[in-house]
Asker: 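Take a look at this one; I'll ask things after.
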Amino acid sequence: MERKEFLNLVGISVGAVILQNCLSGCTKSSDPTPAVTPPPTNPNTGGTGGGGGTTTTVGLTGNNLLANGTISFSIDLNSTTFGDLKTNGKALVSGDVIIARTKAGDFLVVEKACTHQRTTVDFNADNTTFSCSNHGSVFEANGAVKNGPAAVALKNYPTSFDSAKNTLKVG
Ligand code: FES
């Protein structure tokens with residue numbers, strides 16, 4: 001093999017390798033359908049990131065998200081999602097509200113976001129209040145401000161409980 005023939009052969013081989021690498025690399029980077037990572041699921045709404053639909057939540061019918069309009073829903077306490085509320089003194093967050101059952105067995109539903117800077121409030125069964133761990137605001141059972149810095153009450157929602165069906169209607 002002469003030197004010229006050898007160089008031509010090597011040149012073609014190197015070119016082929018470079019072309020193959022470029023094509024495979026280009027195919028991956030310009031793929032028009034990149035993998036889609038599903039958004040996290042909010043177990044309390046069955047939707048995504050708190051903005052999803054409420055109709056798929058096991059045990060809940062209606063709307064528990066302010067972004068979807070008026071808060072109005074029913075929950076089934078026989079469902080695993082809301083079963084904790086069969087116990088007096090328990091509470092859980094669902095959508096944009098916190099649902100609490102007092103030690104006496106009454107239900108309280110208020111917006112979950114502290115009116116100071118939107119931290120989710122906690123229910124205190126011992127004194128039937130809601131408190132915010134961020135700056136210490138405390139709200140009465142009906143959402144009224146007990147201690148600041150929050151200056152605006154939590155919105156509360158009327159409830160009615162059907163003990164025969166073990167369902168709670170809110171709103
Ligand atoms: S966010 Fe609740 S007291 Fe500040």
Side-chain angles (χ1 to χ4, degrees), residues 31 33-171:
D31 187 348
T33 54
V36 176
T37 303
T41 299
N42 181 337
N44 292 316
T45 65
T48 54
T54 58
T55 55
T56 57
T57 302
V58 174
L60 184 146
T61 305
N63 174 41
N64 61 0
L65 295 172
L66 292 167
N68 289 349
T70 304
I71 298 285
S72 178
F73 61 90
S74 293
I75 56 173
D76 181 358
L77 273 56
N78 295 315
S79 69
T80 54
T81 311
F82 299 101
D84 276 1
L85 293 172
K86 287 194 274 191
T87 305
N88 293 352
K90 293 282 192 171
L92 54 81
V93 169
S94 180
D96 288 331
V97 299
I98 180 168
I99 306 167
R101 191 161 194 177
T102 68
K103 284 189 166 181
D106 299 322
F107 288 94
L108 306 171
V109 179
V110 298
E111 66 179 304
K112 72 177 183 183
C114 176
T115 57
H116 181 228
Q117 290 180 3
R118 314 307 289 168
T119 299
T120 297
V121 297
D122 300 308
F123 177 63
N124 312 299
D126 288 341
N127 58 10
T128 320
T129 59
F130 297 92
S131 61
C132 177
S133 61
N134 202 355
H135 308 104
S137 289
V138 180
F139 302 87
E140 304 280 5
N142 65 0
V145 175
K146 184 174 182 180
N147 296 323
V152 176
L154 297 171
K155 181 167 176 46
N156 72 42
Y157 297 92
T159 63
S160 61
F161 183 57
D162 182 335
S163 58
K165 294 180 180 172
N166 220 12
T167 58
L168 179 71
K169 188 174 183 322
V170 177

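Note that ligands are numbered from 1 as they come in the structure, with each ligand's atoms numbered from 1 the same way. The first residue of the sequence shown is numbered 1, and numbering continues consecutively from there.
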Asker: Is any side-chain heavy atom of Ser131 less than 4.5 Å from a side-chain heavy atom of Asp122?
Answerer: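 Sidechains of Asp122 and Ser131: in contact.
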Asker: Find all atoms of ligand 1 within a distance of less than 4.0 Å from any non-hydrogen atom belonging to Asn134, and give their numbers and elements.
Answerer: 1 (S)
Asker: Could you identify the N, O or S atom of His116 positioned closest to atom 4 (Fe) of ligand 1?
Answerer: ND1
Asker: About how large, to 10 degrees, is the angle SG of Cys114, then atom 2 (Fe) of ligand 1, then SG of Cys132?
Answerer: 110°
Asker: Minimum heavy-atom separation for Asp76 and Phe82, please, with both atom names.
Answerer: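 Where Asp76 meets Phe82 most closely, the heavy atoms are O-CB, 3.7 Å.
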Asker: In His135, which N, O or S atom comes closest to atom 4 (Fe) of ligand 1?
Answerer: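 So the atom name we want here is ND1.
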Asker: Give the residue, atom name and distance (to 0.1 Å) of the protein heavy atom nearest atom 3 (S) of ligand 1.
Answerer: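 Its nearest protein heavy-atom neighbour is Ser137 OG, 3.2 Å.
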Asker: With side chains defined as the heavy atoms from C-beta onward, is the minimum distance between Phe130 and Cys114 less than 4.5 Å?
Answerer: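 Heavy-atom side-chain distance check fails, nothing below 4.5 Å.
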Asker: Answer yes or no: is there a side-chain heavy-atom contact under 4.5 Å between Leu77 and Phe107?
Answerer: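 Yes, side chains in contact.
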Asker: Is the ring pair His135/His116 parallel, tilted or perpendicular, if the boundaries are 30 and 60 degrees?
Answerer: perpendicular
Asker: Counting each atom of ligand 1 from 1 as listed, which ones have a heavy atom of Gln117 under 4.0 Å away?
Answerer: 1 (S)
